[in-house]
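Everything numeric here is computed off the predicted structure, so don't read it as measured data. Each residue takes its place number in the sequence, starting with 1. No hydrogens, no waters, no symmetry mates; every other heavy atom, side chains included, goes into these values.
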Amino acid sequence: MKRNNQSLTTKFSALALVLAMMLSLLAGCGQTTQPAASSTPPAASSEPAASEPETPEIPETMEGDEFGNGAIGTHGGVSSGSVYASQAGLEILQAGGNAVDAAVATAFAVGVCEPNLTSLGGASFMTIYLKETGEYICIEAMETAPAAAGIDTLDEINEKKGAMLVTVPGQVHGALTALEKYGTMTPEEVMAPAIKLAREGFPIEERLANAIMDSFDMISANEEAAAIYTNDGLPYATGDLFKNEPLADTLEAIAKGGIEEFYTGELAQKMVDGLQANGSLMAMEDLATYTVAEREPIRTEYYGYEVVTVPPPSNGGDWLLEMLNIMEEKDISQYDPSTLEYQYIFNEACRIGLVDSYTYIGDPAFYDLPVEEMISDEFAAERAALIDMDNMQAMESVPLSDLPVTKLEPTAEESQHTTHIAVIDQYGNIVSTTNTLGNGWGCKFMAPGLGFFYNSHIGNLDHENPDSPDYVMPGKRVRSTISPSLVLQDGNPIMAVGSPGSLAIPPAVATIINNVLLYGMNVQQAINEPRAMAINRSGMDSPARVSIEQPRFDPDLVAQMEGIGYEMKDVGEYNMAVGGIAAIYLDRDNGIFYAGADPRRGYKALAY
């Protein structure tokens with residue numbers, strides 16, 4: 001079993017799948033949702049191939065798409081957390097834009113439609129495939145800790161929370177950088193659908209109405225939030241017209257003024273004034289010195305395919321690849337997902353990857369991280385030896401390895417560089433991107449007069465262990481499990497996949513990869529299948545707790561899992577506690593792509 005674990009090159013010239021998992025978007029949302037359909041590098045290519053095959057016969061629906069979330073097409077497609085956001089991206093594709101244009105349009109629109117999961121005040125990680133050059137790139141736009149954040153402020157941060165939890169937002173910088181370098185349209189063009197949604201409104205979707213109801217006390221206590229997120233002081237009902245005119249004004253200012261307006265202009269000053277008035281550590285200099293980082297993706301070979309994903313400061317990418325390597329080392333493909341053997345390998349590999357990712361991953365500008373070792377065959381064999389197929393028993397605790405982590409002395413320049421959406425276009429470009437606020441509604445502090453909530457990502461940094469690579473320091477980039485990924489066959493991308501869901505993200509993505517590559521499911525079937533995953537972070541030592549859609553599993557299998565030491569956490573039939581996948585699969589032989597969307601979060605894919 002030979003894998004190429006070298007990082008991919010960082011140049012691009014064509015794009016395509018945006019997986020806005022709000023995925024991430026949402027690192028921390030586990031509420032139940034019933035299934036519902038509802039010199040400068042060249043820009044990405046927008047020239048169709050010289051010769052195109054005859055239009056294939058397109059199936060009307062995908063087998064197993066019982067809730068109507070998926071879509072099939074031959075020209076372009078978008079999968080995201082909102083039908084309105086997916087429509088925004090599709091309109092850009094139909095107007096001739098490429099996948100980057102559509103991904104950026106979808107990301108801004110998702111911020112209007114799912115304001116509790118992603119916003120201008122959040123972060124993102126985008127994985128791109130550029131058809132023209134055949135290259136891959138990751139645009140990392142994670143937040144950074146304000147310069148005033150440090151050990152002497154931790155007690156105050158933990159006590160006050162709210163605006164104190166806000167880190168420097170990266171999402172606007174990431175989206176507009178991707179657009180400028182690899183898109184073909186202007187900010188005004190790609191942001192127009194989001195501005196229209198915010199200004200003119202849209203019938204509120206059930207998931208947002210439920211999120212507002214669940215947080216109604218918090219929203220009602222904030223005059224700014226109540227003016228937007230209540231219907232004359234009452235909760236919104238599904239189907240009510242929802243508008244956010246302050247957000248429309250903010251989006252228009254960004255569309256006209258770009259990165260400079262958000263990070264150094266009048267809008268930046270309004271943000272800092274509002275934050276500081278409510279106890280934030282943010283200063284104008286923090287915004288002005290922020291920049292995105294273009295990073296080399298990491299990859300591994302998995303049963304003859306290649307999986308390409310994001311590097312640190314994401315600790316989701318290395319977790320995913322290590323998990324895949326361990327599963328192949330134990331040859332999980334010989335077991336059906338309905339068997340105890342499969343569940344034992346999958347969940348122990350998940351637990352091992354979780355522990356290693358939180359032990360060794362942080363901001364690469366501050367530490368020399370052992371990423372290559374973690375995704376190597378040799379390390380997979382070492383860690384897979386912990387999984388004893390002759391004596392199946394969940395580990396009481398996952399032993400730590402002894403990989404080296406060396407602290408660096410970052411320069412100022414280095415520290416600066418340190419929901420899901422999937423998009424594919426007619427030119428062969430693919431984008432997979434995940435955006436996040438941290439917790440639901442972020443830090444629960446709304447930008448005064450600007451219409452959006454800020455992130456809560458100071459809480460993602462380690463506040464207790466000075467030896468941790470994720471220990472809070474001024475300027476440090478936030479660690480997150482978001483892991484927008486691509487799957488390649490014979491060097492060509494065939495799938496873009498990603499999810500929100502904090503600790504659920506890597507195992508949710510791994511589940512879809514297994515279901516499609518190893519068990520022959522179409523992408524919507526793969527998404528709809530029941531999930532079980534051992535993601536109890538407090539259970540690094542014990543217990544081995546599995547979040548499971550238990551009513552959808554054979555009771556005998558559940559009993560067998562309990563019999564080898566797993567504690568079941570029943571999350572119900574369809575619950576976003578086990579992720580919310582957006583994915584697109586490309587059937588290269590027939591020129592058809594299949595866009596899948598997760599009913600657990602009411603995701604919706606559109607295509608043409």
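When all heavy atoms of Ser483 and Gly316 are compared, the pair lying nearest together is CB-C, 3.8 Å. Contact between Val509 and Ser485 at its shortest, heavy atoms only, is CG1-OG, 4.3 Å. Pairing each heavy atom of Asn315 with each of Trp319, the nearest pair is O-CB, 3.3 Å. Ile375 approaches Arg299 most closely through the heavy-atom pair CD1-O, 3.8 Å. In this structure, Ile535 and Leu503 approach most closely via the heavy-atom pair O-CD1, 3.1 Å. The shortest heavy-atom contact between Pro530 and Glu549 is CA-OE1, 3.3 Å.
Below 30°, between 30° and 60°, or above 60°: for Tyr519 and Tyr342 the angle between ring planes is above 60°, a perpendicular geometry. Ring geometry, Phe202 versus Tyr84: the interplanar angle falls from 30° to 60°, so the pair is classed tilted.
From Met533, atom CE reaches atom CD1 of Ile505 across 10.5 Å, with rounding to the nearest 0.5 Å. Taken to the nearest 0.5 Å, the CG atom of Asp598 stands 7.0 Å off from the CD1 atom of Ile512. How far CG of Asp556 is from OG of Ser338: 11.0 Å, rounded to the nearest 0.5 Å. With values rounded to the nearest 0.5 angstrom, Leu518 atom CG is found 8.0 Å from Tyr305 atom OH. A distance of 8.0 Å separates CD1 of Ile298 from CD of Glu372, quoted to the nearest 0.5 Å. Taking CD1 from Ile345 and SG from Cys350, the interatomic distance works out to 13.5 Å, rounded to the nearest 0.5 Å.
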Margin query: Does Val310 form a side-chain contact (heavy atoms from CB on, under 4.5 Å) with Thr434? I'd like the steps, not just the answer.
Written below: CA-CA 11 Å; Val310 294; Thr434 301; over 6 Å; no
Next item on the list: Would you check, one step at a time, whether the test side-chain contact (heavy atoms from CB on, under 4.5 Å) holds for Tyr608 with Gln426?
Entry: CA-CA 10 Å; Tyr608 77 109; Gln426 63 181 312; 3.9 Å; yes
Check: Can you check side-chain contact (heavy atoms from CB on, under 4.5 Å) on Arg600 and Asn575, steps first, answer last?
Finding: CA-CA 5 Å; Arg600 293 166 181 83; Asn575 193 303; 5.9 Å; no
Next item on the list: Starting from the C-alpha separation in whole Å, work towards a yes-or-no answer on side-chain hydrogen bond (donor to acceptor under 3.5 Å, both in side chains) for Asp101 and Thr184.
Entry: CA-CA 7 Å; Asp101 300 321; Thr184 66; 2.6 Å; yes
Note to self: Checking Met561 against Leu557 for the side-chain contact (heavy atoms from CB on, under 4.5 Å) test, could you report, in this order, the C-alpha distance in whole Å, the side-chain angles of both residues, the deciding distance, and whether it holds?
What the structure shows: CA-CA 6 Å; Met561 293 175 68; Leu557 174 59; 4.2 Å; yes
Next item on the list: List the steps and the verdict of side-chain hydrogen bond (donor to acceptor under 3.5 Å, both in side chains) for Asn514 and Tyr302.
Entry: CA-CA 10 Å; Asn514 280 353; Tyr302 187 60; 2.6 Å; yes
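Using a 4.5 Å heavy-atom cutoff, the side chains of Met389 and Glu341 are in contact. The side-chain heavy atoms of Leu354 and Pro507, taken from C-beta on, include no pair separated by under 4.5 Å. At a threshold of 4.5 Å between non-hydrogen side-chain atoms, the residues Pro337 and Glu529 do not count as touching. Residues Gln343 and Val546 fail the side-chain proximity criterion, which asks for heavy atoms closer than 4.5 Å. Using a 4.5 Å heavy-atom threshold, the side chains of Ile494 and Phe593 count as separate. Counting only heavy atoms from C-beta outward, the side chains of Tyr358 and Thr481 approach each other to under 4.5 Å. Residues Asn522 and Glu63 meet the side-chain proximity criterion, which asks for heavy atoms closer than 4.5 Å. The shortest side-chain heavy-atom distance between Leu488 and Leu486 falls under the 4.5 Å cut-off.
Taking the centre and axis of the six-membered ring of Tyr574, the NZ or CZ atom of Arg552 falls inside the cone set by 45° and 6.0 Å.
Side-chain N or O atoms of Asn116 include none that pairs as donor or acceptor with a backbone N or O of Gly440 at under 3.5 Å. Formation of a donor-acceptor pair under 3.5 Å by the Arg588 side chain with backbone atoms of Pro493 is found in this model. Although no hydrogens or angles enter the test, the distance criterion places a donor-acceptor pair under 3.5 Å between the side chain of Gln524 and the main chain of Ala597. Checking side-chain atoms of Asn98 against main-chain N and O of Tyr182 turns up a donor-acceptor pair under 3.5 Å. Of the possible donor and acceptor atoms, one in the side chain of Ser86 sits under 3.5 Å from a partner among the backbone N and O of Lys604. No donor-acceptor distance shorter than 3.5 angstrom exists from the side chain of Arg479 to the backbone of Pro312, with no hydrogens or angles considered. The backbone N or O of Ala380 sits nowhere less than 3.5 Å from a side-chain atom of Asn325 that would complete a donor-acceptor pair. The backbone N or O of Ser124 lies less than 3.5 Å from no partner atom in the side chain of Gln171, so there is not a single donor-acceptor pair. For the pair Asn515 (side chain) and Met521 (backbone), a donor-acceptor distance under 3.5 Å is absent. Side-chain atoms of Ser82 do not come within 3.5 Å of backbone N or O of Val110 as any donor-acceptor pair.
With respect to Lys330 and Glu348, no salt bridge is recorded, no charged nitrogen being found less than 4.0 Å from a carboxylate O. With respect to Glu567 and Arg545, a salt bridge is recorded, a charged nitrogen being found less than 4.0 Å from a carboxylate O.
The salt bridge (charged side-chain N to carboxylate O under 4.0 Å, His left out) check on Glu562 picks up nothing, with sequence neighbours excluded. For Ser119, the side chain to side chain donor-acceptor pair (under 3.5 Å) criterion is met by no residue, not counting sequence neighbours. Judged as a side chain to side chain donor-acceptor pair (under 3.5 Å), and not counting sequence neighbours, Tyr344 has no contacts.
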